[in-house]
Structures are given as structure tokens and as C-alpha cells.
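In what follows, chains carry the letters A, B, and so on, assigned in the order in which the sequence lines appear, proteins first and then strands, with residues in each chain numbered from 1. Atom set for the values below is all heavy atoms of this structure, side chains included, hydrogens, waters and symmetry mates excluded. On a predicted model such as this, the values are computed, not experimentally measured, just so you know.
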Protein chains: 2
Amino acid sequence: MSTGRNEPAPARRTRQRSAVKDGLDRCEGFVSAQELHDRLRRDGQSVGLTTVYRALQALGEGGEVDSLVTDDGETVYRRCSPEHHHHLVCRSCGRTIEIAGPAVETWAHAVASENGFTDISHTLELFGQCGSCTSA
Amino acid sequence: MSTGRNEPAPARRTRQRSAVKDGLDRCEGFVSAQELHDRLRRDGQSVGLTTVYRALQALGEGGEVDSLVTDDGETVYRRCSPEHHHHLVCRSCGRTIEIAGPAVETWAHAVASENGFTDISHTLELFGQCGSCTSA
DNA sequence: GGTGGTTTTGACAATCATTTTCAACAAGCC
DNA sequence: GGCTTGTTGAAAATGATTGTCAAAACCACC
Ligand SMILES: [Zn+2]
Ligand SMILES: [Zn+2]
Ligand SMILES: [Zn+2]
Ligand SMILES: [Zn+2]
């Protein structure tokens with residue numbers, strides 16, 4: 001309590017946080033906190049599960065990773081570009097493609113305000129079977 | 001095992017299943033299994049929580065109700081029209097409006113097949129603040 | 001290259017929605 | 001009325017996520 005102000009929070013650079021970030025970069029599609037934790041373990045990197053959860057959540061809030069909740073209620077994460085976008089995910093192998101849908105964005109806002117809604121946000125994900133998985 | 005065939009499963013009519021269905025009809029927006037369970041309790045209808053879960057899940061699979069997973073991993077249900085559609089949900093009061101988006105549907109399929117994906121499905125929900133909640 | 005005030009970590013316990021279990025029960029049918 | 005089989009529900013199990021809190025790591029600043 002040196003200054004009177006509420007300083008936002010420093011955010012330190014630690015081995016664990018880098019490990020999580022790097023580990024996430026090495027993943028193809030979306031991974032859950034637990035999967036990433038296992039992966040780091042196998043790579044020799046030792047990071048506590050609790051820490052992986054915290055790091056992913058922080059990254060998510062900072063907009064550095066995207067997260068989505070799967071049908072069975074698992075939260076999965078992925079390194080993403082900072083601009084607003086959506087995903088096309090393969091149900092079999094998890095391969096993920098980022099997609100932008102300007103048309104959808106304007107449509108969403110139009111529909112919402114037609115109905116008197118403001119402060120709009122939306123979730124949109126596409127699922128399917130990718131080429132490799134179909135031919136295999 | 002009287003016939004050699006695999007008969008699909010009769011599906012019986014019970015007090016509990018009707019109570020769940022009716023209770024759901026009386027709800028405005030989306031409700032979770034637990035909320036509905038509480039509501040039934042308060043109305044004097046006694047239905048086990050397990051049964052509420054099972055009934056809702058069955059109704060969902062039968063296409064009689066729509067379900068979606070909220071950001072915090074709760075599955076919520078609502079009586080819905082049978083055709084494919086999406087929702088515009090008020091973050092404050094839960095009021096829900098069904099919306100159809102033919103344009104989005106075609107867009108989704110186009111984008112998916114451009115990327116070699118087949119067997120497409122999608123999730124799309126809009127969230128916002130409804131008129132009453134904004135003025136209140 | 002020490003010191004002190006913070007932040008961060010992580011093993012473990014706690015939560016909490018959902019599922020499983022399984023013995024008692026009730027629908028539909030003879 | 002009895003039988004067969006799907007159904008119920010209280011209690012226990014599951015499993016992802018979060019809370020706890022003492023020990024370890026960071027980061028200026030001497
Ligand atoms: Zn694939
Ligand atoms: Zn969008
Ligand atoms: Zn509202
Ligand atoms: Zn649609």
C-alpha cells in the first residue's frame with residue numbers, strides 16, 4: 001500500500017505462464033486445461049493443474065486465447081488472432097479453422113435491434129467433418 | 001425378448017414426465033434442470049431431480065425442447081418450435097426470442113464446404129439487453 | 001547479492017452440475 | 001388380478017473447475 005491508488009495489477013513473467021502459452025501454441029486445435037496439463041507433464045515441463053487453469057483463464061480474459069464450452073460442458077482453449085472471429089471445428093480430429101463472417105455480424109446486430117435489444121454479443125461455432133477425416 | 005427384432009423402446013406416459021413438460025411450458029425463458037425442479041417442488045408437484053434431468057434430456061433428444069450450454073457450463077432448456085432456429089436472450093431477465101436466420105444457414109454451409117468440411121452443424125446464440133431491462 | 005513486500009504456485013480440499021446405481025414402483029398388457 | 005419391463009428417486013459417484021493457504025519465486029530497491 002505505497003500509493004493511494006488502486007493499481008491494476010503488475011502481471012509477472014514466470015516459467016509456468018510461458019510454458020502454458022508455448023504449450024498452447026504447439027497445439028493444433030482446441031485443448032482443455034487438463035489436456036494441456038498432461039501434455040506439459042509429458043514434455044517434462046512441470047506445471048500444476050491449478051496454475052494451468054489460472055493461466056488459461058487469464059489469457060482468455062486478456063484476449064490472447066479464445067475459449068469455448070463444448071456440448072459436454074468442458075471449456076477448451078486455443079491460441080487465436082485478436083480480431084473477432086469464429087471457428088470451424090472438426091468433430092473427429094479437432095482441427096480448427098478460423099473464419100470471419102462480416103455478414104453474420106451485421107445480421108446479428110440488425111436482428112437484435114429490430115427486437116429492441118442492445119449491447120449485443122453472440123456465440124457462433126461451426127462443427128463438421130474435415131476433408132482428411134472424411135477420406136480416412 | 002419375445003421377438004427377434006430390436007424394438008426401439010416403448011416410452012411410457014407418467015405423471016413425472018408430464019409435470020416436467022408442463023412445467024417447462026409455464027417458463028418464460030430458458031431454465032436449468034435444477035431451477036425447474038425447484039419450481040415443480042414449490043408448485044406441490046413432487047418429481048425427483050434425477051427424473052427432471054432424464055426427462056429434459058429425453059425431450060431434448062426428441063427435438064421437443066431446445067437446450068444450450070451457458071458460459072458457466074450449465075445446460076438450460078426451453079420449449080421450442082420444432083423447426084431449426086436460434087435465440088436472442090436477455091442477459092438480465094432471461095427473456096428469449098426465437099429467431100430464424102436463413103442467410104446464416106446458407107452462409108454456414110458455404111463457408112464449411114469451401115474448407116472441405118461436410119456434415120455441418122452449428123451453434124448460434126445472440127445475447128443482449130432487452131428493451132424493458134434497458135429502460136428499467 | 002542481500003532484503004522485504006508481493007505475487008504466484010501447487011497439493012489438497014471443496015463445489016457443484018450431472019450421472020450412475022439399484023431397489024422399490026407403476027404402466028401397459030394378459 | 002398378476003407379469004413384464006420401463007421408470008423413479010435417494011443416495012453415492014463422477015469429474016471439471018475453483019478455493020485455500022503455506023511455501024516458493026519475483027522484483028525493485030538498497
Ligand atoms: Zn478432422
Ligand atoms: Zn461474430
Ligand atoms: Zn430483459
Ligand atoms: Zn442455424
Taking [atom1] from [X] and [atom2] from [N], how many angstroms apart are they, rounded to a whole number?
| X | N | atom1 | atom2 | answer |
| --- | --- | --- | --- | --- |
| A:Tyr53 | C:dA14 | OH | C1' | 14 Å |
| A:Leu56 | D:dT18 | CG | P | 11 Å |
| A:Leu49 | C:dA13 | CG | P | 15 Å |
| B:Glu74 | C:dT19 | CD | C1' | 16 Å |
| B:Arg15 | D:dG6 | CZ | P | 21 Å |
| A:Leu36 | C:dG10 | CG | C1' | 16 Å |
| A:Glu35 | D:dG15 | CD | P | 15 Å |
| A:Arg17 | D:dC26 | CZ | P | 11 Å |

Query raised in the report: Quick one: which of D:dT8, C:dT18, C:dT9 gets closest to the side chain of B:Ala33?
Result: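 Within the option list, the nearest is C:dT18.
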Report task. Measure from the side chain of A:Val47, starting at C-beta and using heavy atoms only, and say which of C:dG10, D:dA16, C:dT18 lies closest. Result ->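 Among the listed nucleotides, the one closest to the side chain of A:Val47 is C:dG10.
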Requested in this report: Indicate, yes or no, whether a donor-acceptor pair under 3.5 Å links the base of D:dG6 to the side chain of B:Arg13.
Outcome: no
For [X] and [Y], which I'm curious about, is there any donor-acceptor pair between the side chains at under 3.5 Å?
| X | Y | result |
| --- | --- | --- |
| A:Arg91 | B:Ser121 | yes |
| A:His122 | A:His109 | no |
| A:Tyr77 | A:Gln57 | no |
| A:Glu98 | A:Ser81 | yes |

When you measure from the side-chain N and O atoms of [X] to the phosphate of [N], is any distance below 4.0 Å, counting only OP1 and OP2?
| X | N | answer |
| --- | --- | --- |
| B:Gln16 | D:dG9 | yes |
| A:Thr14 | D:dA25 | no |
| A:Thr75 | D:dT17 | yes |

Query raised in the report: Of B:Arg12 and B:Gly73, whose closest DNA chain C nucleotide lies nearer the 5' terminus?
Result: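 Its nucleotide being nearer the 5' end, the pick is B:Gly73.
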Mind checking [X] for me? I need base, sugar-phosphate or nothing, with any heavy atom below 4.0 Å counting as a touch.
| X | value |
| --- | --- |
| B:Thr50 | base |
| B:Gln57 | sugar-phosphate |
| B:Arg54 | base |
| A:Ser32 | nothing |
| B:Thr70 | nothing |

Query raised in the report: With a 4.0 Å cut-off, would you call B:Lys21 and B:Glu64 a salt bridge?
Result: yes
